[in-house]
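Down below is the structure, laid out as structure tokens.
Below, read A as the first sequence line, B as the second, and so on, with proteins coming before strands; counting in each chain starts at 1.
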Amino acid sequence: MAVPGRFYVTTPIYYVNDAPHIGHAYTTVIADALARWHRLVGDDTFFLTGTDEHGLKVAQSAEERGVSPQAQANANAARFRAAWDELDISYDDFIRTTEPRHHTAVQTLLSAVHDNGDIELDTYEGPYCVSCEAYYQESELVDGCCPIHTGKPVVRLAEENWFFRLSRYQQRLLDWIETDPAAIQPEGKRNEVLGFVRQGLDDVSITRTSLDWGVPVPWAPGHVFYVWYDALINYATAIGYGTEPERFTTWWPHVHHLIGKEIIRFHCVYWPAMLMAAGLDPPHRVHVHGWLLLGGEKLSKTVHGAARLTDIAPARLLDDFGVDGFRFHFLRDQSFGPDGEFSYEAMVARYNADLANNLGNLLSRVTTVVDRKCDGIGPAPRPDSPLAAVAAEVVAATSAAWDAVAPSQALEATWRLIREGNALLEAAEPWKAEPGPDVDGVLGDALEVLRLVAVLASPALPSTTREVFRRIGLDGSPTDRVLPEVAAWGGYPGGRPVEKGAPLFPRIRTDA
RNA sequence: GGCGGCGUAGCUCAGUCGGUCAGAGCACUCGGCUCAUAAUCGAGGUGUCGCCGGUUCGAUCCCGGCCGCCGCCA
């Protein structure tokens, strides 16, 4: 089903009423690093993110501010774009669900489901809170009243809605998940979905008549699609569903959806079922990750006052850590899958240990010694270097981890090469020796370590790895050539001017 | 209430389809080095793998119950 060499990766589209926070950034940085990795290995890659702009909440907050929903959406979508630009997010497309192409795709896809007989008119009946303009489950009520407007009785309301016959897809969903055990990862999340589907599935109401801020239902004037069923289709819109059939079949279903655990049901049940109902294949992979939990009592002055993680804007951390330092924390310190602790202190510790002390300091010491012992001209590595075999292992381990969507493990694997490089220098002590072939060989090896690390870490640290290249005298960028050639030992040519420069990652002091 | 997840070294987390599986990084201690961003290199782990039972020759890993934290419930 999956075509090797083709990688389509998505983030959820973010609800435009939210302000960008580090939870959004977490998913987006990982998607970006995965996209960069796949480009590095030469895959055809398409990386999609965007904003979800319909729904009652957007309409309401626009009304409160006295602006149109579209104006409200425009303003907030721009904030997400700005946040991602600041974080070096290399998206290929930024989709907005209010775009005409998306309306076309939604109407086309759901019309196909309708034509197939799996969307039917039915009556929805249940407790309704007039203040919320929303239905509740009986179980959600508090003493027969709205759980939000406590003390306010709900009314019973019945509404004619269009229902997606999800109940008809139970077996097909089970077949999909059981036939392709890797479709939903990690395994624990897959089991959750299996358990849910096995309980039996109810049909779902997918249209609303109570608001008009949405995609109109083509066969039913006065109805718009409920925001979730419009939003999911963005993944199809962006690759040309309904407008560019050939482009669509190039990318679908070779998709990797990255999602947080709170939206599993939408991505692992409703979305695949909708696709099946429209005659399309379900997604190739859904990668579910946990949440960042706000740990540690204090977040320092930088983020102090943030009671909730969703109050922390990415920009608040960039002054301290830089873009790459920020990215590195989310890729290296959080393992993709389970929940992880977010703390400022941990972020500082990781930055200092891995970026300042290991990578940054290695660059500093090597460039200094090259300056003193080699007149500032970097020598070539030794073909028979003891590090050559290590490098091959590191490349293999790093590749395997990125392919498995395990950025933390990938970076851990890459950092082994840095440690080995530092150990080689300790053993050889070129700063003590007279200039000559031995010193050249060791320093050449160290420069080659830096070159390789710059290549392998480029998905995580796009701008600082370019700077490493520049400092060791290489033209272009670590991503100019693809694996495996670029990762073969001996790529550093030698004879290049090496520049010491300021510390790449200034150590962050924690005293005071 | 229903369904599900988590609870492993000071910290953040891996891992075990039951038998050298008790691990990594950080922190810490000691020693070396001084090219380097007080960086680096080497050595050092005495943790009841949440609690109580059960299955088993043997459980941290399986089963049951309990406690704590968390998520979803259209």
In whole Å, I'd like the distance from the [atom1] atom of [X] to the [atom2] atom of [N].
{"X": "A:Leu424", "N": "B:G42", "atom1": "CG", "atom2": "P", "result": "12 Å"}
{"X": "A:Ile263", "N": "B:C73", "atom1": "CD1", "atom2": "C1'", "result": "16 Å"}
{"X": "A:Leu201", "N": "B:G2", "atom1": "CG", "atom2": "P", "result": "20 Å"}
{"X": "A:Leu166", "N": "B:A74", "atom1": "CG", "atom2": "C1'", "result": "9 Å"}
{"X": "A:Asp202", "N": "B:C73", "atom1": "CG", "atom2": "P", "result": "14 Å"}
{"X": "A:Ile206", "N": "B:A74", "atom1": "CD1", "atom2": "C1'", "result": "13 Å"}
{"X": "A:Leu417", "N": "B:G25", "atom1": "CG", "atom2": "C1'", "result": "17 Å"}
{"X": "A:Leu194", "N": "B:G4", "atom1": "CG", "atom2": "P", "result": "12 Å"}

Sticking with atom [atom1], work out how far [N] lies from [M], rounded to a whole angstrom.
{"N": "B:G23", "M": "B:A9", "atom1": "P", "result": "14 Å"}
{"N": "B:G64", "M": "B:C70", "atom1": "P", "result": "24 Å"}
{"N": "B:U55", "M": "B:C62", "atom1": "C1'", "result": "8 Å"}
{"N": "B:G47", "M": "B:A27", "atom1": "C1'", "result": "16 Å"}
{"N": "B:G71", "M": "B:A36", "atom1": "C1'", "result": "47 Å"}
{"N": "B:U56", "M": "B:A14", "atom1": "C1'", "result": "27 Å"}
{"N": "B:C52", "M": "B:G44", "atom1": "C1'", "result": "36 Å"}
{"N": "B:G45", "M": "B:G10", "atom1": "P", "result": "15 Å"}

Intra- and interstrand pairs of RNA chain B - dot-bracket, Watson-Crick/G-U under 3.5 Å, | marks other strand: (((((((..((((.....[...)))).(((((.......))))).....(((((..]....)))))))))))).
Axial cation check for A:Tyr226 ring with A:Arg208, 6.0 Å and 45° limits: yes
Worked verdict on A:Asn234 versus A:Thr97 for side chain to side chain donor-acceptor pair (under 3.5 Å): CA-CA 7 Å; A:Asn234 90 86; A:Thr97 56; over 6 Å; no
Side chains of A:Pro459 and A:Trp402 in contact at under 4.5 Å (non-hydrogen atoms): yes
Side-chain heavy atoms of A:Asp354 within contact of A:Trp415, under 4.5 Å: yes
Touch class at under 4.0 angstrom, heavy-atom based, for A:Glu412 against every strand present: sugar-phosphate
Touch class at under 4.0 angstrom, heavy-atom based, for A:Lys432 against every strand present: sugar-phosphate
Parallel, tilted or perpendicular, as decided by the 30° and 60° cut-offs, for the rings of A:Tyr270 and A:Phe266: perpendicular
Parallel, tilted or perpendicular, as decided by the 30° and 60° cut-offs, for the rings of A:Phe330 and A:Tyr26: tilted
Main-chain N/O of A:Pro381 paired with A:Ser385 side-chain donor or acceptor, under 3.5 Å: no
Nearest-nucleotide 5' precedence on RNA chain B, A:Phe266 against A:Asp354: A:Asp354
Residues A:His257 and A:Trp271: side-chain donor-acceptor under 3.5 angstrom: yes
A:Thr51 and A:Tyr15: side chain donor to acceptor below 3.5 Å: no
Qualifying salt bridge (Lys or Arg N to Asp or Glu O under 4.0 Å) pairs, either residue in residues 355-379 of chain A, two or more places apart: A:Arg365-A:Glu426
Contact state string [nucleotides 36-41 of chain B, B base, S sugar-phosphate only, - no protein heavy atom under 4.0 Å]: BBSSBS
